[in-house]
*Asks:* 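Please see the structure below; I have some questions.
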Amino acid sequence: MNIQFMTDGGADIPKRISNMLDIEIVPLYLHFKDREYKTGDIDMVSFFQKIAETKALPRSAAPSPHDFYEAYKKVDPKRPIIMLSLTKGLSSTYNHAVLGKDMLLEDEPERQIAVINTKTASCGIALLLHEAATKVEENFTFEQLVSHLEERVEQTTTLFVLKTLENLILGGRLDRVRGTIAKTLNIKLLMKANDERGDIDVIEKVRGNKKAINRFIEQIGLHAKNFENKIITMTHCNDEPRAKKVLDAITEKYPFKDAYLTETGPLISTYGGEGALVISFFNK
C-alpha cells in the first residue's frame with residue numbers, strides 16, 4: 001500500500017531513514033525578536049548565529065490546524081496518510097494535527113488519515129519511522145501499520161543528556177540563581193521522556209561530564225535487553241565528534257543491530273543546547 005507518511009518539525013530524521021520512506025514534514029514556527037522562521041527554513045549555522053546575536057532563544061509555536069489541513073489536502077485522496085506527531089506532552093502540535101484531519105474529513109470523508117501521538121521527539125520519531133519502513137516491506141495494511149505503530153509508541157524509550165544548562169536558563173525553564181549554582185557545581189542533567197504523558201522527566205543530576213555520559217550509557221541496560229534485533233537512533237546538538245564517541249561506546253557495550261546518527265534541528269536544539277544528546281530504542 002502506497003502510504004504517505006508525515007511528521008513535523010519536532011522530528012530529526014537521519015538520511016538513511018528518510019530515504020526509506022516518502023515523508024512530508026509540517027514545520028513548526030520559531031519566533032526570534034526580529035523575525036519568524038519555519039523549522040525547515042533556517043540552517044543550523046544561521047540558527048546558532050541568530051541566538052548569539054540576539055542573546056535569546058526563539059519561542060516555538062505549533063503548526064496551525066489549517067497548516068495540517070493544507071498539508072493533508074495536497075496528498076492524493078486515494079493515498080492513506082499516517083501522521084507521526086511530536087509528543088502531546090510538550091506541544092499542541094498533536095491536537096492541531098487532529099483538528100486538521102477533522103477539517104479535511106468534513107470535506108472528504110472517504111480519506112484515510114491516522115494521527116499518532118508518538119510521546120517522543122527528535123530521534124524517537126525517526127525510530128518509529130524506521131519501524132514503519134520495515135513493516136511496509138512486510139506488506140502491512142494501513143490498519144495493521146497504525147495498530148503496530150501505536151503499540152511501538154508504548155515500547156519506545158527516549159533518553160537525553162545535556163552538556164550545558166544555558167538554554168534552560170535562557171528559555172526560562174531554570175531560573176538564573178539555580179542555573180548558576182548548577183553550572184558552578186558542573187551539574188549535568190539526565191532526562192527521559194515520560195512513558196505516560198510524553199513530557200520530560202529529570203531522572204538524575206550528575207556532577208561532571210564523564211560521569212554523566214557513563215550514567216547515560218548505563219541507563220540503556222536498565223530499560224532494554226536482547227539488543228541483537230534492535231536499532232538505536234541518536235541525535236546531537238552541534239557536536240558530532242562527541243556524539244560519535246558516545247555512540248561507539250554504546251554499540252561496544254550493547255550489540256544493537258544498527259545505529260543511526262543525525263543532528264538535532266532547530267526546535268530540539270532550542271531546548272537541548274549545544275552538546276545535548278538524545279537516544280531512542282525499543283524497550284521490548
Side-chain angles (χ1 to χ4, degrees), residues 1-13 17-30 36 38-41 60-122 124-156 158 193-199 265 267 280 282:
M1 182 175 288
N2 188 21
I3 297 171
Q4 176 67 66
F5 289 92
M6 301 182 76
T7 187
D8 53 61
D12 298 313
I13 309 168
I17 294 177
S18 63
N19 289 340
M20 296 177 181
L21 294 170
D22 180 9
I23 306 168
E24 290 292 332
I25 298 176
V26 182
L28 277 81
Y29 296 91
L30 298 171
E36 177 185 273
K38 293 182 179 180
T39 48
D41 292 344
S60 62
S64 70
H66 184 73
D67 290 336
F68 282 106
Y69 171 83
E70 290 294 328
Y72 298 147
K73 195 167 181 64
K74 290 177 183 177
V75 179
D76 185 334
K78 297 178 182 178
R79 194 175 186 190
I81 298 170
I82 296 179
M83 168 69 197
L84 293 170
S85 169
L86 174 66
T87 173
K88 183 180 177 181
L90 294 177
S91 172
S92 59
T93 299
Y94 169 76
N95 289 336
H96 290 185
V98 171
L99 287 171
K101 178 192 78 169
D102 294 342
M103 290 164 60
L104 185 61
L105 290 178
E106 285 184 13
D107 296 344
E108 303 176 38
E110 74 285 353
R111 288 272 199 163
Q112 280 187 295
I113 308 178
V115 180
I116 297 174
N117 172 22
T118 65
K119 297 186 182 180
T120 186
S122 192
I125 299 175
L127 179 72
L128 291 165
L129 286 166
H130 180 276
E131 182 73 1
T134 64
K135 298 309 172 186
V136 166
E137 289 294 315
E138 295 175 22
N139 295 316
F140 271 42
T141 66
F142 174 78
E143 292 80 7
Q144 287 174 324
L145 190 49
V146 171
S147 177
H148 180 75
L149 288 173
E150 288 175 340
E151 181 180 345
R152 278 307 209 181
V153 164
E154 304 304 324
Q155 298 170 355
T156 301
T158 303
N194 183 281
D195 295 335
E196 297 299 323
R197 303 185 306 272
D199 57 1
L267 183 76
S280 288
F282 294 130

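We're numbering straight along the sequence, starting at 1.
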*Asks:* Look up atom CD1 in Ile116 and atom NZ in Lys88, then write down how far apart they are to the nearest 0.5 Å.
*Replies:*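 One gets 14.5 Å once the value is rounded to the nearest 0.5 Å.
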*Asks:* Report yes if some heavy atom in the side chain of Thr158 is under 4.5 Å from a heavy atom in the side chain of Ser280; otherwise report no.
*Replies:*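 Contact flag for Thr158/Ser280 side chains = yes.
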*Asks:* For Ser60 and Leu30, indicate whether the former's side chain and the latter's backbone hold a donor-acceptor pair under 3.5 Å.
*Replies:*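 Absent.
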*Asks:* For the residue pair Arg111 and Leu104, what are the closest heavy atoms and their distance?
*Replies:*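 Scanning both residues completely, I find the closest heavy atoms to be NE-CD2, 3.8 Å.
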*Asks:* Taking the side chain as C-beta and beyond, is there a heavy-atom pair between Ile3 and Gln112 under 4.5 Å?
*Replies:*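 With C-beta onward as the side chain, the pair stays apart.
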*Asks:* According to side-chain hydrogen bond (donor to acceptor under 3.5 Å, both in side chains), who are the partners of Glu70, at least two apart in sequence or on a separate chain?
*Replies:*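 Only His66 meet the side-chain hydrogen bond (donor to acceptor under 3.5 Å, both in side chains) criterion with Glu70.
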*Asks:* Do Thr118 and Tyr94 have side chains that approach each other closer than 4.5 Å (heavy atoms only, starting at C-beta)?
*Replies:*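 With C-beta onward as the side chain, the pair stays apart.
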*Asks:* Given Asp107 and Met103, is the side chain to side chain contact (heavy atoms under 4.5 Å, CB included) satisfied, shown in steps?
*Replies:* CA-CA 7 Å; Asp107 296 344; Met103 290 164 60; over 6 Å; no
*Asks:* Side chains of Leu128 and Val153, heavy atoms from C-beta outward: is any pair under 4.5 Å?
*Replies:*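 Yes, close enough: below the 4.5 Å cut-off.
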*Asks:* Does a donor on one side chain sit under 3.5 Å from an acceptor on the other, for Thr156 and Thr120?
*Replies:*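 No.
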*Asks:* Nearest 0.5 angstrom please: Thr141 OG1 to Glu143 CD, how far?
*Replies:*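 So the OG1 of Thr141 and the CD of Glu143 are separated by 5.0 Å.
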*Asks:* I need the minimum non-hydrogen distance between Phe142 and Ile81, along with the two atoms involved.
*Replies:*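 Scanning both residues, the minimum pair turns out to be CE1-O, 3.5 Å.
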*Asks:* Decide if atom CD of Glu196 counts as having more than 12 heavy atoms of other residues, nucleotides or ligands within a radius under 6.0 Å.
*Replies:*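 Open.
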*Asks:* Mind listing the side-chain donor-acceptor pairs of residues 19-27 below 3.5 Å, one per line with the distance, residues two or more places apart or on another chain?
*Replies:*
{"unit_1": "Asn19", "atom_1": "ND2", "unit_2": "Lys15", "atom_2": "O", "d": "3.2"}
{"unit_1": "Asp22", "atom_1": "OD2", "unit_2": "Arg79", "atom_2": "NH1", "d": "3.1"}
{"unit_1": "Asp22", "atom_1": "OD2", "unit_2": "Arg79", "atom_2": "NH2", "d": "3.1"}

*Asks:* Can you find a pair of side-chain heavy atoms, one from Arg152 and one from Gln155, that are under 4.5 Å apart?
*Replies:*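 Yes, their side chains come closer than 4.5 Å.
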*Asks:* Compare every heavy atom of Leu28 with every heavy atom of Gly9, then report the nearest pair and how far apart it is.
*Replies:*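 Minimum heavy-atom separation between Gly9 and Leu28: N-CD1, 3.4 Å.
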*Asks:* Identify, with sequence neighbours excluded, every residue that meets ring pair (Phe, Tyr, Trp, His ring centres under 6.0 Å) alongside His96.
*Replies:*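 If we apply the ring pair (Phe, Tyr, Trp, His ring centres under 6.0 Å) test to His96, skipping adjacent residues, there are no hits.
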*Asks:* Not counting sequence neighbours, which residues clear side-chain hydrogen bond (donor to acceptor under 3.5 Å, both in side chains) with Asp199? List them please.
*Replies:*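 In terms of side-chain hydrogen bond (donor to acceptor under 3.5 Å, both in side chains), with neighbours along the sequence ignored, Asp199 is linked to Arg197.
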*Asks:* If we ignore hydrogens and angles and just use 3.5 Å, is the side chain of Asp102 paired with the main-chain N or O of Leu99 as donor and acceptor?
*Replies:*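 The answer is no, because no donor-acceptor pair under 3.5 Å joins these two groups.
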*Asks:* Calculate, to the nearest 0.5 Å, the distance between atoms CG and CD belonging to Asn2 and Gln4 respectively.
*Replies:*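 CD of Gln4 is found 8.0 Å from CG of Asn2.
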*Asks:* Would you say that more than 12 heavy atoms from the other residues, nucleotides or ligands in this model lie under 6.0 Å from the NZ of Lys38, or not?
*Replies:*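 Incorrect, the count does not exceed 12.
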*Asks:* Roughly how far, to the nearest 0.5 Å, is CG of Leu145 from CG of Asn139?
*Replies:*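 Asn139 atom CG to Leu145 atom CG measures 11.5 Å (nearest 0.5 Å).
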*Asks:* Indicate the atoms forming the closest heavy-atom contact of Thr93 with Pro63, along with that distance.
*Replies:*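 Thr93 and Pro63 have their closest heavy atoms at OG1-CD, 3.7 Å.
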*Asks:* Within this structure, what is the CD1-CG distance for the pair Ile17 and Asp12, rounded to the nearest 0.5 Å?
*Replies:*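 So the CD1 of Ile17 and the CG of Asp12 are separated by 11.0 Å.
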*Asks:* How far does CD of Glu108 sit from NZ of Lys73, to the nearest 0.5 angstrom?
*Replies:*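 Glu108 atom CD to Lys73 atom NZ measures 4.0 Å (nearest 0.5 Å).
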*Asks:* Suppose we screen for side-chain hydrogen bond (donor to acceptor under 3.5 Å, both in side chains). Which residues come up paired with Thr87, at least two apart in sequence or across chains?
*Replies:*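 With sequence neighbours excluded, Thr87 shows a side-chain hydrogen bond (donor to acceptor under 3.5 Å, both in side chains) to no residue whatsoever.
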*Asks:* List the steps, then state whether side chain to side chain contact (heavy atoms under 4.5 Å, CB included) holds for Ile82 with Val146.
*Replies:* CA-CA 7 Å; Ile82 296 179; Val146 171; 3.9 Å; yes
*Asks:* Any idea which heavy atoms bring Phe5 and Ala132 closest together, and the distance?
*Replies:*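 Scanning both residues, the minimum pair turns out to be CE2-CB, 3.6 Å.
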*Asks:* Would you check if Glu131 and Leu127 make a side-chain contact, meaning some heavy-atom pair closer than 4.5 Å?
*Replies:*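 The answer is no; the side chains never approach within 4.5 Å.
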*Asks:* Who passes side-chain contact (heavy atoms from CB on, under 4.5 Å) against Lys101, sequence neighbours left out?
*Replies:*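 With sequence neighbours excluded, Lys101 shows a side-chain contact (heavy atoms from CB on, under 4.5 Å) to Tyr72, Leu105, Ile113, Val115, given in chain and number order.
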*Asks:* Evaluate side chain to side chain contact (heavy atoms under 4.5 Å, CB included) for Asp8 paired with Leu267, printing each intermediate quantity in order.
*Replies:* CA-CA 10 Å; Asp8 53 61; Leu267 183 76; 5.8 Å; no
